[in-house]
Amino acid sequence: MDALRLIEISGQALRQSEEGTEVARVVAEAWQIQALAQAIGGRIALGGPPDLRGEATALSETGGGGAGLPDHPAVRGSGPRAVQLTEVARPEAVLTALLGLLGDVGIALVQVACATDDEGLYWQCIETIDAADEASDRVRAMLRRLAERERERPPETVRGRAGPA
């Protein structure tokens, strides 16, 4: 499944979890999104633009110490949605959408952390917020690199009117 579609599905699942009363679902969706961020990073690292591969590799390792998908009960329970990822067709669009989703996760987790009296859940939220922040930093770095590459292109190429090679 295309990365943009999985980001859309993940965003819907996060919004639905926020509407419910079970705050643990918000944490579960946050870890699903972290797993998706890692999978997108891995996909770009393997076949994306060469200048993004270093940051993409770092993204694929966020929150999991380089061990692949997060080993978290929220992801293990229903299985990571990220395994459905088949392509990252438009890296800039995917990274922009992923950055927005990671921001939404951060907001949802702050709300859960502030509302809970359960110390374990509180620390799960903090850990997940840290992972989402780290992933966001990596995504921003890749988006900056894409923007730099676009600025460095000759004007004819940018407008799609490149002359003979």
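Reckoned from all heavy atoms, side chains included, excluding hydrogens, waters and symmetry mates.
Interatomic distance, CG of D130 versus SG of C125, reported as 11.0 Å (0.5 Å rounding). Atom CZ of R25 is separated from atom CG of L14 by 9.5 Å, given to the nearest 0.5 angstrom. Summarising the geometry, atom CD1 belonging to I33 is positioned 11.0 Å from atom CG belonging to L6; distances are rounded to the nearest 0.5 Å. With rounding to the nearest 0.5 Å, the separation of CD1 in I107 from CD in E18 is 8.5 Å. In this structure, the separation between CG on L36 and CD on Q84 is 10.0 Å, given to the nearest 0.5 Å. Rounding to the nearest 0.5 Å places CG of D51 at 6.5 Å from CG of L146.
Using a 4.5 Å heavy-atom cutoff, the side chains of D133 and I129 are in contact. Put simply, the side chain of P80 does not reach to within 4.5 Å of the side chain of Q38, judged on heavy atoms. Between M1 and I9, some side-chain heavy-atom pair lies under the 4.5 Å cut-off. Side-chain atoms of P91 and V94, non-hydrogen and from C-beta on, never get closer than 4.5 Å to each other. Using a 4.5 Å cut-off on side-chain heavy atoms (C-beta onward), S10 and I7 make no contact. The side-chain heavy atoms of E127 and W31, taken from C-beta on, include a pair separated by under 4.5 Å. Using a 4.5 Å cut-off on side-chain heavy atoms (C-beta onward), L4 and V88 make no contact. Side-chain contact between R81 and E29 is present, with heavy atoms from C-beta onward closer than 4.5 Å.
Nearest heavy-atom pair, G47 versus R53, reported as atom, atom and distance to 0.1 Å: C-NH2, 3.8 Å. Across all their heavy atoms, P49 and I44 have their closest contact at CD-CG2, 4.5 Å. When all heavy atoms are compared, the tightest approach of G42 to S60 is N-CB, 3.4 Å. For the pair V105 and A132, the tightest heavy-atom approach, listed with the atom from each and the gap, is CG1-CB, 4.3 Å. Residues A30 and L109 share a closest heavy-atom pair of CB-CD1, 3.8 Å. Residue L102 comes nearest to S136 through the heavy atom pair CB-OG, 3.3 Å, listed as atom of the first residue, atom of the second, then distance.
Listed by first and then second residue, the salt bridge (charged side-chain N to carboxylate O under 4.0 Å, His left out) pairs that reach into residues 1-12 are R5-E8, sequence neighbours excluded. The stretch residues 99-121 participates, sequence neighbours left out, in no side chain to side chain donor-acceptor pair (under 3.5 Å) pair at all.
Note: the hydrophobic cluster containing L59 does not contain L46 (ILVMFWY, side chain heavy atoms under 4.5 Å, direct or indirect links).
No side-chain donor-acceptor contact under 3.5 Å links T96 to the backbone of A93. Between the R149 side chain and the R145 main chain, no donor and acceptor come within less than 3.5 Å of each other.
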Between Q34 and T128, does a side-chain hydrogen bond (donor to acceptor under 3.5 Å, both in side chains) hold up when you go through it step by step? CA-CA 8 Å; Q34 180 62 31; T128 311; over 6 Å; no
